[in-house]
2 protein chains.
Amino acid sequence: MSGKLPECGVARFLVLLEGPWATLVVRELLHGTLRFSQLREALPGISPHTLTSRLRRFEAFGIVTRAVYAEVPPRVEYTLTPVGERLRPVLEAMAVWASSVPQLAPASAI
Amino acid sequence: MSGKLPECGVARFLVLLEGPWATLVVRELLHGTLRFSQLREALPGISPHTLTSRLRRFEAFGIVTRAVYAEVPPRVEYTLTPVGERLRPVLEAMAVWASSVPQLAPASAI
DNA sequence: CTGTATCCCCTGGGATACTG
DNA sequence: CAGTATCCCAGGGGATACAG
């Protein structure tokens, strides 16, 4: 789908963080390393299907590392790479914008 | 779709700028007021269908104003509102991130 | 020039159920 | 616990054609 997009830097960001949940997952990981179940708790409403999908993409893009610990019960931890950490200013800018626009069109959106 | 998302500020941003083209349209309008045809030229590959769809949403959210001039041929100009202008830092942050990560996983993405 | 109308495809995302 | 497997839906986006 992204093949038709202009090849600018912003476009690469948009492909990586495609979909509403992607950014929210990154946002949680900016708090530090988290396990799969911790991400699910931190993101009420997300399905395991979606969460796995986003994490796999993040791994492929190199913004997240996946550490598996052979324990019982099993433990898997996800951590942002330095490249992923560098997304922090972007997320902060989003938050700043949102806080500066308290009332935004709700159901009026098409 | 967004009904299940957490109600945080970032989520509102994500709903507004849903889809890869949305952000790119805003990016062009940050250069100043543009006509429909100018946006199409600046965004090679976008269909009129998609462009109209995004612009209508932006109007509904109040980040873009639509000015129609009853001329022949007709002229319609789109301009960012102050709220829309405030998105500039976010786009800049995205660009900074992208420029700091020259090589990002291409076809390896799922 | 500035759209609108159809029709179609793809992918994000949800629900549910089921393993190692 | 950490997923995977299916099936399904909604909406973004493209292509084409047509209208004011």
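What you see is a predicted model, and the numbers here were worked out from it, not measured in a lab. Labels below follow one simple rule: chain letters A, B, ... track the order of the sequence lines, proteins then strands, and each chain is numbered from 1. Note: hydrogens, waters and symmetry copies are ignored here, and every other heavy atom, side chains too, is used.
Listed pair B/S47 / D/dG14 meets the phosphate criterion, a side-chain N or O lying under 4.0 Å from OP1 or OP2. Contact between the side-chain N/O atoms of B/K4 and the OP1/OP2 oxygens of D/dA10 is not found at any separation under 4.0 Å. One finds a side-chain N or O of A/R56 lying less than 4.0 angstrom from the OP1 or OP2 phosphate oxygen of D/dT4.
Counting heavy atoms from C-beta outward, A/C8 and B/R27 have side chains that approach closer than 4.5 Å.
When atom types are taken as modelled, the side chain of A/R12 and the backbone of B/V101 share a donor-acceptor pair closer than 3.5 angstrom. A donor-acceptor pair under 3.5 Å is formed between the side chain of B/R88 and the backbone N or O of B/L30. Side-chain atoms of A/T81 come within 3.5 Å of backbone atoms of A/G62 as a donor-acceptor pair (strictly under, hydrogens ignored). Looking only at distances, no side-chain donor or acceptor of A/E41 sits under 3.5 Å from a matching main-chain atom of A/Q38.
Across C/dG14, C/dT4, C/dG12, the shortest atom-to-atom separation from the side chain of A/R54 is found for C/dG12. The side chain of B/H49 approaches D/dA15 more closely than any other nucleotide in the set C/dG14, D/dA15, D/dG12. Candidate nucleotides C/dC1, C/dG3, D/dC1 were compared by shortest atom distance to the side chain of A/S37, and D/dC1 ranks first. Ranking D/dG20, C/dG12, C/dG14 by closeness to the A/R57 side chain, first place goes to C/dG12. Considering only side-chain atoms of A/V76, the nucleotide from D/dG12, C/dA15, D/dA2 that sits closest is D/dA2. Side chain of A/T50, nearest nucleotide from C/dG14, D/dG12, C/dT2: C/dG14. Residue A/R66 has its side chain nearest to D/dA2 when only C/dA15, C/dG3, D/dA2 are considered.
In this structure, A/E18 places its CD atom 15 Å from P of C/dC10, rounding to the nearest Å. Atom CG in A/L5 sits roughly 11 Å away from atom C1' in D/dG12 (whole-Å rounding). Distance, B/F36 CZ to D/dG20 C1': 14 Å, rounded to whole Å. Per the geometry, CD belonging to B/E41 stands 13 Å off C1' belonging to C/dT2, to the nearest Å. With rounding to whole Å, B/L55 atom CG is found 14 Å from D/dG12 atom P. Rounded to a whole Å, the CG atom of A/L34 is 11 Å from the P atom of D/dA2. Rounded to whole Å, atom P of C/dT2 lies 9 Å from atom CG of B/L39. At whole-Å resolution of the value, CG in A/L17 and P in D/dG12 are 18 Å apart.
Toward the 5′ end of DNA chain D lies the nearest nucleotide of A/P73, the other residue of the pair A/P48 and A/P73 mapping further downstream. With the nearest nucleotide of DNA chain C identified for both B/E77 and A/I46, B/E77 has the one nearer the 5' end.
B/T50 and B/S47 form a side-chain donor-acceptor contact under 3.5 Å, judged by distance and modelled atom types alone.
A rotation axis mapping the C1' atoms of four pairs onto the next four is fitted at both ends of the helix from C/dC1-D/dG20 to C/dG20-D/dC1 over five pairs, and the angle between these axes is 50° to 10 degrees.
Contacts of B/R35 with the nucleic acid, taken as non-hydrogen atoms under 4.0 Å apart, involve only primed sugar atoms and P, OP1 or OP2. At the heavy-atom level, A/Y78 lies under 4.0 Å from the strands shown only through sugar-phosphate atoms.
Among all heavy-atom pairs drawn from A/L34 and A/L29, the shortest one is CB-CD2, 4.0 Å.
Ion pairing between a basic and an acidic side chain is recognised when a charged N comes within 4.0 Å of a carboxylate O; A/R75 and A/E77 show such pairing.
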